[in-house]
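What follows is one structure encoded as structure tokens, with my remarks underneath.
What you see is a predicted model; the values in this text were computed from it and never measured. Lettering of chains follows the sequences in order, A, B, ..., and the numbering in each one begins at 1.
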Number of protein chains: 2
Amino acid sequence: MAADQEHVSRVEKRRRTEAAISDAARTQFAEVGFERTTIRSVASAAGVDPALVMQYFGSKDGLFAAVARQQKPHRRLLDATREGTPQAALDDLFEDLEDPVSRDALLALMRNCLTHEQAATVLRDDVMRHVHEAVASRIATPDAELRAALLGATLVGLSIGRYMLRIPGLAEASREDVERLLLPVLALLVEPAPQA
Amino acid sequence: MAADQEHVSRVEKRRRTEAAISDAARTQFAEVGFERTTIRSVASAAGVDPALVMQYFGSKDGLFAAVARQQKPHRRLLDATREGTPQAALDDLFEDLEDPVSRDALLALMRNCLTHEQAATVLRDDVMRHVHEAVASRIATPDAELRAALLGATLVGLSIGRYMLRIPGLAEASREDVERLLLPVLALLVEPAPQA
DNA sequence: GTCTATATCTTGATAGAC
DNA sequence: GTCTATCAAGATATAGAC
């Protein structure tokens, strides 16, 4: 039926417009941060009118919240054993950071977590909570919480250093080299009693 | 001589006014970031007129550059042996972070390094270069650069997680506990061949 | 030397034409 | 539903009075 088809295509068109806006916003929030991303610049990149962005997302904060929600779940880390935790953590992180969409969704959080409370809250209480629970639950020592937090902080430092600050020596290193050096380091954090 | 005395006290007064502005700017850049720090808010906190801030520092970027220059040198790290490098790095970092002045000078860099190119440049090419050179020069393997960069990234992750993101478990932990868990981790990064 | 007043720009958000 | 036009707020920076 023509009317039905037109209805579907209208909904579909709206969905695509929303996606175009969301895509442009994700990229800009990730690359230049929340403050320097403007409704106008997002609309321009998405090829729509600035007023449409407000219509769909309500406010700039609403737009950011929509991007912040697009995090990829860290499945390997949640299912790993204690011994497998370091490899699972790096696999999840690299998978995130090597796909442009999930990478920008994560970078949008990291880029703004020091200057935007909303980003800090989602990163700390949502994304990092996964790491924290997965690690802490597998260690039976009183300092399990600290170990988990240090592992999370190390991964944050790796992401920021490699992909954002672009520290010389780390930004150009291969994933294999990074894993080779970092796996034993993370293993030390999840192994409470490494007897000889 | 009265004229001389008046001259000295005028210079001294100017110096104190500059210091008051710089102190207020350092605190605000560290706590709320570059964008949300305004010339007006700095002047208000320092008890001076906003135009005076422009007069002394030229621009908001000039004011930030003055704060960014106030970094404390990391003497222990530069003088340490390879074995002493992890302890020296943590000693320098904690000494920095436990004194309000040097802490805010460093946090002003870290808080803004993801959204302000000037902050990123100073942090990467000035502050972290110390760590990099100290570590890389003491390791004789081809991956020395990467090891040094990973050590720097870990310290950045620690600082951000503990003092800025305030990750639960890490923010409240004692310095002793953090050192106990992190020293062997950093040692692993500077020890290329840990044979049994 | 210090400060008042303001020029100039940019932003998020809104109102209303079509 | 979409866009033009505009508002109100807040910023840096400057010009000139005192």
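- For B/R75, the CZ atom counts as loosely surrounded, since its 6.0 Å shell holds 12 or fewer non-hydrogen atoms of other residues, nucleotides or ligands.
- Remark: the B/T115 side chain and the A/R36 side chain contain no N/O donor-acceptor pair separated by less than 3.5 Å.
- Residue pairs that meet the salt bridge (charged side-chain N to carboxylate O under 4.0 Å, His left out) test with at least one member in residues 46-73 of chain A, sequence neighbours left out, are A/K72-A/E95.
- Using a cut-off of 4.0 Å between Lys/Arg side-chain N and Asp/Glu carboxylate O, A/D92 and A/R76 are scored as salt-bridged.
- The pair A/D143-A/R147 meets the salt-bridge criterion, since a charged nitrogen lies less than 4.0 angstrom from a carboxylate oxygen.
- Summarising the geometry, the separation between CG on B/L52 and P on D/dA15 is reported as 18 Å, rounded to the nearest angstrom.
- For residues 109-121 of chain A, the set of pairs meeting the salt bridge (charged side-chain N to carboxylate O under 4.0 Å, His left out) definition, not counting sequence neighbours, comprises A/E117-A/R124.
- Within residues 109-118 of chain A, no residue has a heavy atom under 4.0 Å from DNA chain C.
- Atom CD in B/Q55 sits about 13 Å away from atom P in D/dA15, given to the nearest Å.
- In summary, the side chains of A/E179 and A/S174 do not present any donor paired with an acceptor at a separation below 3.5 Å, with no hydrogens or angles considered.
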Show me, pair by pair, the donor-acceptor contacts under 3.5 angstrom made by side chains of residues 160-168 of chain A, not counting sequence neighbours?
from: A/R162; atom 1: NH1; to: A/L170; atom 2: O; distance (Å): 3.1
from: A/R162; atom 1: NH1; to: A/A173; atom 2: O; distance (Å): 3.0
from: A/R162; atom 1: NH2; to: A/A173; atom 2: O; distance (Å): 3.1

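- By the 4.0 Å N-to-carboxylate-O rule, A/E18 lies too far from A/R15 to be salt-bridged with it.
- Taking 4.0 angstrom as the limit, B/Y56 places a side-chain polar atom (N or O) nearer than this to OP1 or OP2 of C/dT2.
- More than 12 heavy atoms of other residues, nucleotides or ligands lie within 6.0 Å of CZ in A/R180, so this atom counts as buried by the packing criterion.
- Using cut-offs of 30° and 60° on the angle between ring planes, the pair B/F29 and B/F34 is parallel.
- Within residues 36-49 of chain A, the residues approached by DNA chain D to less than 4.0 Å at the level of any non-hydrogen atom are A/R40, A/D49, in residue-number order.
- Closest to the B/S59 side chain, of the nucleotides C/dA13, D/dA13, C/dT14, is D/dA13.
- As rounded to whole Å, 14 Å separates atom P of D/dA11 from atom CE of B/M54.
- Contacts of residues 17-35 of chain B with DNA chain C (heavy atom under 4.0 Å): none.
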